[in-house]
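Input: a single structure, listed below in structure tokens.
Here is the naming used below: chain letters follow the sequence lines, and residue numbers restart at 1 for every chain. Since the structure is predicted, the reported quantities are computational estimates derived from the model, not experimental observations.
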Amino acid sequence: MGENHETTHSEEHHHQELGFWRTYVFSVDHKVIGIQYAVTGLSFLFFGFCLMLLMRWQLAYPGEPFPLIGKLLGDSRMPGGIMLPEFYNQLGAMHGTIMVFLGVVPLAVGGFGNFVLPLQIGAPDMAFPRLNMASYWSYFLGGVVMFLSFFVPGGAAQSGWTSYPPLSVIAESGQTVWLLGMVFLITSSLLGSVNFIVTVIQLRVEGLTFMRLPFFVWSQFVTAFLLLLAFPPLEAAAFMQLMDRVANTSFFMPAGLVVSGQLVEVSGGGSPLLWQHLFWFLAHPEVYVLILPALGIVAEVIANNTRKPLWGYKSMVYSVLFLAFMSFIVWAHHMFLTGMGTVMSAFFQTTTMIISIPSVVIITALLLSLWGGSIRFNTPMLFALAFLPMFGIGGLTGLPLGLAAADIHLHDTYYVIGHFHYVVAPGTIFALFAGIYYWYPKATGRKMSEFLGKLHFWPSLLFMNGIFLPMFIQGLAGVQRRLFDGGVSYAHAEPVLFLNKVMTHSAWGLAIAQLPFVINFFLSLKRGEKVGSNPWQATTIEWLAPSPPPHGNFANVPVAYRTPYEYSVPGQASDYHPQFEPDRRVAGPPDPGEPEAAPATA
Amino acid sequence: MSEAIPYTVDIRPDTGLNNVKLGMWLFLASEVMLFGALFAGYILLRVGSEDWPAGNSILNVPLATLNTIVLITSSVTMVMSWASLLRKSFDKYRLYMGATVLLVVVFLVIKTIEYSAKFDHHLYPSTSTFLAIYFTLTALHGLHVIGGMAVNAYLWGPGAKMWRSAPEQFTNRVEAAGLFWHFVDLVWIFLFPVLYLL
Amino acid sequence: MTTHDTAEIDKHVRTYILVFVGLMALTLVTVAVSYLDLSIAAGVGLALLIAAVKGSLVACFFMHLINERKLILAVLLFTVLFFLAVLLLPVLTQSNAVEI
Amino acid sequence: MLKLFLPEVASAHAEQIDQLMGWMHWLMLVLFIGWSLLFAYVLIRFRRRRNPTADYRGLQSHASNWVEGAVAVAEVILLAAFSIPLYSARVDDLPSKDEALEVRIVAEQFAWNIHYPGADGVFGRTDPSLVDAETNPLGRDGSDPAGDDDVTTVNQLHLEVDRPVLIHLSTKDVIHSFNIPEMRVKQDAVPGMNIPVWFVPTKTSADLTAGRQGERSGGFEIACTQLCGMGHYRMRGFVTVHSTDDFKAWMAEQEEALSTSEEDDFWG
Ligand code: HEA
Ligand code: HEA
Ligand code: CUA
Ligand SMILES: [Cu+2]
């Protein structure tokens with residue numbers, strides 16, 4: 001341990017008066033930043049959710065005026081309350097962008113990562129607190145820019161979250177704003193990921209060897225590497241698209257394009273597929289960025305509520321590492337139908353099949369962790385448990401997409417939409433809910449209501465499946481995605497058209513099912529049951545700090561004595577043996593000088 | 001409180017690193033991917049084009065050679081400024097760091113001359129894919145140069161006060177700034193032949 | 001680079017000067033070569049080879065990679081692998097495209 | 001099982017793709033049901049009320065390694081024995097130009113321009129700079145005699161049953177994707193590229209509609225599956241698969257119309 005800080009630390013908490021702005025707004029404290037990230041992320045999730053509700057309404061009742069709100073949105077979007085296709089495309093592109101880049105990742109990485117990770121490794125803060133603040137504000141700016149893009153002439157970006165050129169290059173000015181917003185968001189992610197990696201490597205307390213890290217820390221650590229190395233290519237691509245739009249270059253524009261009868265004035269020579277390569281070079285790792293923190297949360301909650309160690313901790317760690325590595329060389333499975341030859345498609349199909357194996361290993365380990373447990377079904381656990389089969393459905397339906405021949409039929413249909421929503425919505429979002437219920441007491445000192453929690457969980461589970469299961473049926477029938485009218489004019493969509501209403505009503509049901517959560521979230525701030533530092537009787541180091549943790553987190557620098565999940569150790573009085581507690585059976589002072597003691601994992 | 005964070009200055013025994021250096025290297029790793037993607041764009045566009053102009057038929061090779069020399073020299077003065085700090089010789093540090101900043105200014109001036117010559121001949125990014133990638137790559141590199149210059153100027157001027165209060169931390173900062181600066185140099189070492197000579 | 005006694009630093013400085021001379025020489029060589037009438041493949045290969053040598057000189061000596069910690073080398077190793085992936089796979093995919 | 005949801009099969013290779021998807025979905029189903037049963041069992045058996053103290057060591061068996069291995073093997077088989085050869089047949093085994101019906105399809109916002117080479121089997125030259133949205137959507141060059149007998153339509157693709165079709169797919173503006181669900185063909189049209197698509201229709205349009213009951217009335221359609229702008233949802237084309245004789249008749253009719261219209265209104 002750094003000798004110099006042990007003294008400054010244990011003395012006292014030197015209370016510099018920071019004032020309101022420095023404490024709550026421009027704070028450098030990882031916990032405040034984490035909460036800022038989480039609240040902003042949740043707000044954007046809510047916003048993305050609202051966009052989706054508009055889309056879903058349109059899909060179920062195409063061409064009909066919107067009740068109530070229809071007229072409010074203005075003639076450029078809904079003349080007479082009837083949605084324009086341009087506006088539908090804006091909603092789609094922005095729903096995807098906001099959910100991925102402004103909702104889930106900021107909540108999962110910025111929120112949970114920032115708040116929990118330093119606590120779990122016993123650190124006083126992140127390695128670079130000011131960089132951390134810069135990262136949040138860059139994200140915030142990116143969010144503001146994206147939000148404002150709805151109000152520029154021509155509206156927000158409308159070329160899909162994938163922004164494929166040439167469509168995106170010839171699109172209205174909203175696309176330029178989208179690109180600028182992305183540059184802010186990418187900057188934020190890069191700053192954040194450097195910070196996370198350094199924090200994990202450098203600030204682990206004594207005794208916390210890599211194989212003793214909680215799985216959540218592993219998942220964030222690996223996620224940070226994905227962000228660090230995969231985002232820059234998209235940044236480069238965003239610059240190039242900006243150049244194409246602003247400086248009239250033709251990185252992505254071949255010669256001889258004719259748009260609405262007019263020859264496009266560009267020098268030509270560019271390749272539209274270059275964008276797709278660079279985009280998916282990020283976006284495939286990005287989908288693991290969406291899932292890994294979720295897996296981390298689920299692992300923590302499952303270990304805690306089965307009251308036993310995770311089964312196969314080591315194989316989970318190795319799988320995550322392998323998965324991260326592989327995720328850099330599968331991206332072109334999104335591009336099978338862009339005219340790829342046999343050799344390259346065989347390569348990308350093979351890597352895609354290979355990458356599914358570590359996911360199977362992880363999900364298996366989590367499932368088998370339940371075996372022999374003494375399972376408590378509290379709200380975080382319910383969400384974590386539901387995550388497993390939901391991720392299972394999402395992951396399994398990824399397999400046919402990974403086979404190029406099957407992808408011929410399934411590509412760009414609702415099957416794909418169903419595939420990834422199962423992983424991100426009842427998957428990741430459920431895991432994030434689990435995390436919120438689980439760490440809320442740490443952040444606020446109060447528990448959320450179990451009753452409202454269950455009232456949130458069961459309807460959510462039902463409606464999520466009501467939305468996304470029919471998508472597979474529509475997809476198999478061949479219904480394309482991104483259809484403004486849900487496919488009413490197509491003959492092949494006819495037999496499955498009625499499902500649109502089922503899905504839309506489920507989506508509105510899902511919205512209502514979130515009310516208990518919102519009420520619970522705010523009500524518990526004042527009314528929740530007060531708890532001590534370790535309400536779940538958990539073993540990882542964050543539960544040593546008071547709830548909520550003060551500035552600097554720990555009164556004394558903790559030491560990690562053992563592996564993270566020592567629950568139900570035979571021969572002990574209580575069923576949990578925290579990482580930060582010295583050995584109970586041995587009297588006398590602990591022996592911290594043994595960081596390499598063999599980790600006991602199954 | 002940032003003072004409370006371990007290993008900002010001293011080295012963590014089991015990793016052998018302090019936070020700043022590790023952070024800088026990670027940042028550089030992401031930079032490698034940034035320029036890597038642009039190079040990938042370059043290769044793809046070049047392989048896919050029927051007639052790619054020879055760089056020296058459009059660009060000014062002598063000026064660029066001069067700029068290469070300037071940039072390499074600035075890299076040496078940069079590393080020398082750091083070595084001077086290790087030798088506890090602050091005056092030499094000032095001298096070398098000052099030289100580094102001056103050389104950067106020279107680089108930017110030459111770059112400006114190059115750019116304006118292009119514009120005078122009505123050669124813009126929109127003229128051809130070659131010029132598009134030329135302007136994009138050199139402009140992005142130029143932004144890095146400007147960023148590096150700002151940091152170096154700060155460490156030469158107001159930032160140098162730290163030498164008296166926390167010499168070790170200051171030396172670390174100069175080392176990290178140096179890493180960044182050498183990287184900028186390294187990128188140019190590849191840009192130069194790729195754009196001008198091939 | 002934990003301890004720095006004067007002798008060691010002097011040795012480093014001498015290396016820096018040598019590297020500097022090497023870089024200058026290679027710069028001139030690469031420009032000179034570009035004026036020769038080499039075939040495209042040979043010209044590209046030679047220019048990239050020289051650039052690679054120069055780049056490694058900077059990385060190894062100015063950036064001290066030659067005796068850097070394993071951790072950093074490992075990070076860079078993976079970076080280089082992914083760098084190659086983003087550099088080569090798009091080109092390979094493109095050249096394997098089906099067209100008539 | 002999958003047949004319930006998939007569109008009708010109307011091309012020679014569709015059956016094989018369905019088979020691949022069928023096998024894959026069986027694998028998925030078996031895995032999912034297996035896992036779910038285990039999941040349900042563990043949740044009931046190891047709930048706190050039933051099992052108040054947890055077992056520190058947990059499951060001792062490593063049988064899961066075998067399951068994971070089996071999944072890997074199954075994937076390898078599906079990949080090597082089915083998917084790769086099937087896909088390769090799509091992109092490499094193009095039918096010979098003598099036997100196949102060749103068609104150029106040029107996508108645009110938001111229509112499919114169909115271009116038949118006519119009797120001489122040679123497409124007339126086209127040039128983007130000649131495009132006129134009203135009169136010459138394909139940018140045909142009237143000075144090329146090979147184009148004189150070319151038949152063009154908008155959004156109407158006519159095919160001959162049991163005869164391979166070789167489509168030259170391209171686009172004028174943005175990326176579109178050419179899809180006929182019943183034929184199990186889908187291919188992006190990428191600006192700057194000319195991509196082959198081929199298949200053998202095995203059902204005529206009449207067979208298709210005769211086989212359908214109830215409200216499902218439509219015949220084969222071209223769907224655009226890649227977001228291409230605000231009209232993406234209505235970029236629909238129509239496919240008519242004729243019997244051999246009908247196709248000949250249709251083609252003759254077109255040629256006929258061509259020669260009569262050429263006299264009074266030749267737009268080159
Ligand atoms: C978190 C996000 C996430 C995750 C984890 C995945 C995981 C996977 N994805 Fe997915 N994918 C997306 C998000 C994600 N994907 C998105 C957003 C898109 C579309 C983007 C767009 O076009 O807009 C997409 C699109 C997409 C495509 C392109 C489809 C197309 O456009 O045509 C492909 C093709 O290969 C694919 C494959 C896979 C595979 C093989 C996995 C594998 O990693 C999955 C491995 C997992 C398993 C194999 C499950 C194991 C489980 C069990 C064995 C059962 C367990 C059961 C119980 C516990 C009860 N995905
Ligand atoms: C992380 C990613 C993510 C998430 C979570 C979601 C969530 C949902 N998505 Fe989305 N979606 C995408 C990413 C995501 N989506 C992408 C990338 C696309 C493709 C876009 C494109 O084509 O370009 C897409 C497209 C897409 C379509 C297809 C549109 C089309 O092709 O035309 C549809 C259609 O139904 C849809 C629906 C839904 C639904 C019903 C949910 C629901 O599951 C929503 C569930 C969300 C919640 C339950 C949030 C709850 C949170 C709160 C209530 C906040 C409370 C706040 C406080 C306490 C402060 N999505
Ligand atoms: Cu054309 Cu969608
Ligand atoms: Cu993917």
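Contact annotation for A/T306: only backbone heavy atoms (N, CA, C, O) come within less than 4.5 Å of a heavy atom of chain D. With a threshold of 4.5 angstrom between heavy atoms, D/Q16 does not approach chain A through any atom at all. Interface residue A/P166: backbone and side-chain heavy atoms are both found under 4.5 Å from chain D. Proximity to chain D is absent for every atom of A/F347, based on heavy atoms less than 4.5 angstrom apart. Interface residue D/I195: only side-chain heavy atoms are found under 4.5 Å from chain A.
In terms of modelled atom types and a separation under 3.5 Å, the side chain of A/W311 and the main chain of D/L59 share a donor-acceptor contact. Side chain of D/D188 to backbone of A/G339: no donor-acceptor contact under 3.5 angstrom is found. Side chain of D/E221 to backbone of A/Y490: no donor-acceptor contact under 3.5 angstrom is found. In this structure, D/E108 contributes its side chain and A/V259 its backbone to no donor-acceptor pair below 3.5 Å. A/Y567 contributes no side-chain N or O that, together with a main-chain N or O of D/A54, makes up a donor-acceptor pair within less than 3.5 Å. A donor-acceptor distance shorter than 3.5 angstrom exists from the side chain of A/Q480 to the backbone of D/C224, with no hydrogens or angles considered.
In this pair, A/W371 and D/F46 present their aromatic rings tilted. The plane angle is within the 30 to 60° band.
When each of D/V174, D/D173, D/I175 is paired with A/L167, the side chain to side chain contact (heavy atoms under 4.5 Å, CB included) condition holds for D/V174 and for no other.
No close placement of the A/Y164 and D/H232 rings is indicated, their centers lying 6.0 Å or farther apart.
Atoms CE and CG, on A/M353 and D/L79 in that order, are 6.5 Å from each other to the nearest 0.5 Å.
Looking only at side-chain heavy atoms (C-beta outward), A/L403 and D/F82 stay at 4.5 Å or farther from each other. Between A/E566 and D/Y56, some side-chain heavy-atom pair lies under the 4.5 Å cut-off.
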